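One structure below.
Keep in mind the model is a prediction, meaning the values are calculated, not measured. Here is the naming used below: chain letters follow the sequence lines, and residue numbers restart at 1 for every chain.
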4 protein chains.
Amino acid sequence: MSDIGHNSVNTDTAKRLLSIIERIERLEEERKALGDDVKDIYKEAKSAGFDAPTIRLIIKRRAEDEAKREEREALLETYLAALGQLADTPLGKAAQERF
Amino acid sequence: MSDIGHNSVNTDTAKRLLSIIERIERLEEERKALGDDVKDIYKEAKSAGFDAPTIRLIIKRRAEDEAKREEREALLETYLAALGQLADTPLGKAAQERF
Amino acid sequence: MSDIGHNSVNTDTAKRLLSIIERIERLEEERKALGDDVKDIYKEAKSAGFDAPTIRLIIKRRAEDEAKREEREALLETYLAALGQLADTPLGKAAQERF
Amino acid sequence: MSDIGHNSVNTDTAKRLLSIIERIERLEEERKALGDDVKDIYKEAKSAGFDAPTIRLIIKRRAEDEAKREEREALLETYLAALGQLADTPLGKAAQERF
DNA sequence: GTTGATCTTATTTCTC
DNA sequence: GAGAAATAAGATCAAC
């Protein structure tokens with residue numbers, strides 16, 4: 001094995017590592033910028049007379065509701081898939097007619 | 001004051017609050033998406049044989065203010081030196097064995 | 001099998017389950033109490049002018065297997081060296097500035 | 001200032017640091033031992049045919065119930081205290097009669 | 001044996 | 001700035 005070949009492998013590895021690091025750093029920067037934007041909105045909200053903790057609570061509740069809704073939808077989907085399996089059976093046909 | 005006027009104030013306030021909430025939610029969604037992207041990169045790194053915690057450490061060091069990092073390391077050295085100082089005392093001897 | 005016999009099996013099972021649950025809860029309570037004690041000591045440390053994260057780091061190092069720690073540090077050195085290797089390339093020069 | 005005096009301050013500080021560290025380590029050891037005990041019980045439970053995640057869930061629910069119960073009691077206490085304030089008023093007297 | 005998932009711990013962020 | 005809450009990180013454990 002030549003040193004050149006050996007070094008090129010290391011260099012490729014190093015480049016890949018650097019690429020990984022820089023991509024993460026880039027994404028984290030964007031993440032931070034978004035976080036700052038959120039802060040600005042809270043500041044604006046406060047100026048408009050709204051209470052930050054209350055807004056946080058509302059957002060939290062909406063997220064929870066959303067999660068519940070998605071859970072229900074997933075359940076419905078599962079149910080419909082199960083029905084699909086039964087579509088060729090008499091029981092399935094009867095069930096489908098009820099939709 | 002007319003009811004119409006009164007209601008329009010409330011409606012405007014409600015609209016503004018809703019706008020604030022939705023903008024925050026939108027930004028948080030983007031933030032979450034970026035977070036998921038970061039996770040994916042760490043997964044990719046792992047697949048390529050890199051150690052995630054070490055990568056995190058490198059990123060932390062790159063992000064960290066040089067002065068701050070040196071301060072932190074100096075503090076660690078100070079504490080370790082203080083503990084080392086006890087090495088000649090009976091109490092310290094026992095502790096020393098753990099380093 | 002008589003109903004009486006059947007029920008006694010269920011009762012025994014329930015009792016055993018309850019015993020398991022209560023023993024776990026008891027242990028978890030003690031665990032929590034110890035955790036609170038630890039928190040108190042960190043608070044005391046802070047009051048005495050010590051830096052909690054640094055103390056955590058020292059405790060981690062003391063606990064950590066010496067071999068493991070050296071391995072981790074060696075890995076960090078390897079990664080940094082790999083990145084340093086790129087220092088003579090255009091790509092590396094840009095990265096280098098961040099160290 | 002004499003070196004002796006100076007060193008004694010440092011030594012005292014070092015001793016205090018060591019004391020802090022060792023107390024934390026001692027507590028963490030106990031905590032770990034308790035954690036191992038918990039694990040043993042889960043193992044025992046599994047051997048007896050019980051499902052660990054289910055047991056965890058039950059314990060979680062019991063803890064939540066307990067928290068709620070305490071919250072209700074705190075609320076009741078607050079209410080009773082408020083009633084106490086009213087004890088000398090006609091309204092308070094009427095309310096108390098309803099208990 | 002390796003990924004996924006859960007659970008705990010640690011840091012950061014927010015509120016008061 | 002102190003305490004509490006949320007988020008992120010790490011470790012451990014189960015399942016495939």
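- Here F/dA9 presents its C1' atom at 12 Å from CD of A/Glu28, a figure rounded to the nearest Å.
- As rounded to whole Å, 13 Å separates atom P of F/dA8 from atom OH of B/Tyr42.
- Atom CD of D/Glu71 sits in a sparse spot, with 12 or fewer heavy atoms from other residues, nucleotides or ligands closer than 6.0 Å.
- No side-chain heavy atom of B/Lys46 sits under 4.5 Å from any side-chain heavy atom of B/Lys43.
- Contact annotation: B/Lys46 does not reach the phosphate of E/dT2 (side-chain N/O to OP1 or OP2, under 4.0 Å).
- Nearest-nucleotide assignment on DNA chain E puts the 5′-proximal partner with B/Ser47, out of B/Ser47 and C/Pro53.
- A straight line from CG of B/Asp51 to C1' of F/dA9 spans 13 Å, rounded to a whole angstrom.
- Atom CD1 in B/Ile58 sits about 16 Å away from atom P in F/dA9, given to the nearest Å.
- Using a 4.0 Å heavy-atom cutoff across all strands shown, D/Lys39 reaches sugar-phosphate atoms only and no base atom.
- Look at CD1 on A/Ile59: it is 14 Å from C1' on E/dC14, rounded to the nearest Å.
- Here the C1' atom of nucleotide F/dA8 and the CD1 atom of B/Ile41 are 17 Å apart, to the nearest Å.
- In this model, the phosphate group of F/dG10 is not approached by any side-chain N or O of C/Arg72 to a distance below 4.0 Å at OP1 or OP2.
- Rounded to whole Å, the distance from CZ on A/Arg31 to P on F/dA6 is 17 Å.
- Counted within 6.0 Å of CD on D/Glu70, heavy atoms from surrounding residues, nucleotides or ligands total more than 12; the atom is thus considered enclosed.
- Mapping C/Lys43 and B/Arg56 onto DNA chain F by nearest heavy atom places C/Lys43 closer to the 5' end of the strand.
- Computed from coordinates, the A/Leu57 CG to E/dT15 C1' distance equals 14 Å when rounded to whole Å.
- Within the structure, a side-chain polar atom (N or O) of A/Lys60 is placed less than 4.0 Å from OP1 or OP2 of F/dA6.
- Within a 6.0 Å sphere centred on CZ of D/Arg26, heavy atoms belonging to other residues, nucleotides or ligands number 12 at most.
- Ion pairing between a basic and an acidic side chain is recognised when a charged N comes within 4.0 Å of a carboxylate O; B/Glu64 and B/Arg61 show no such pairing.
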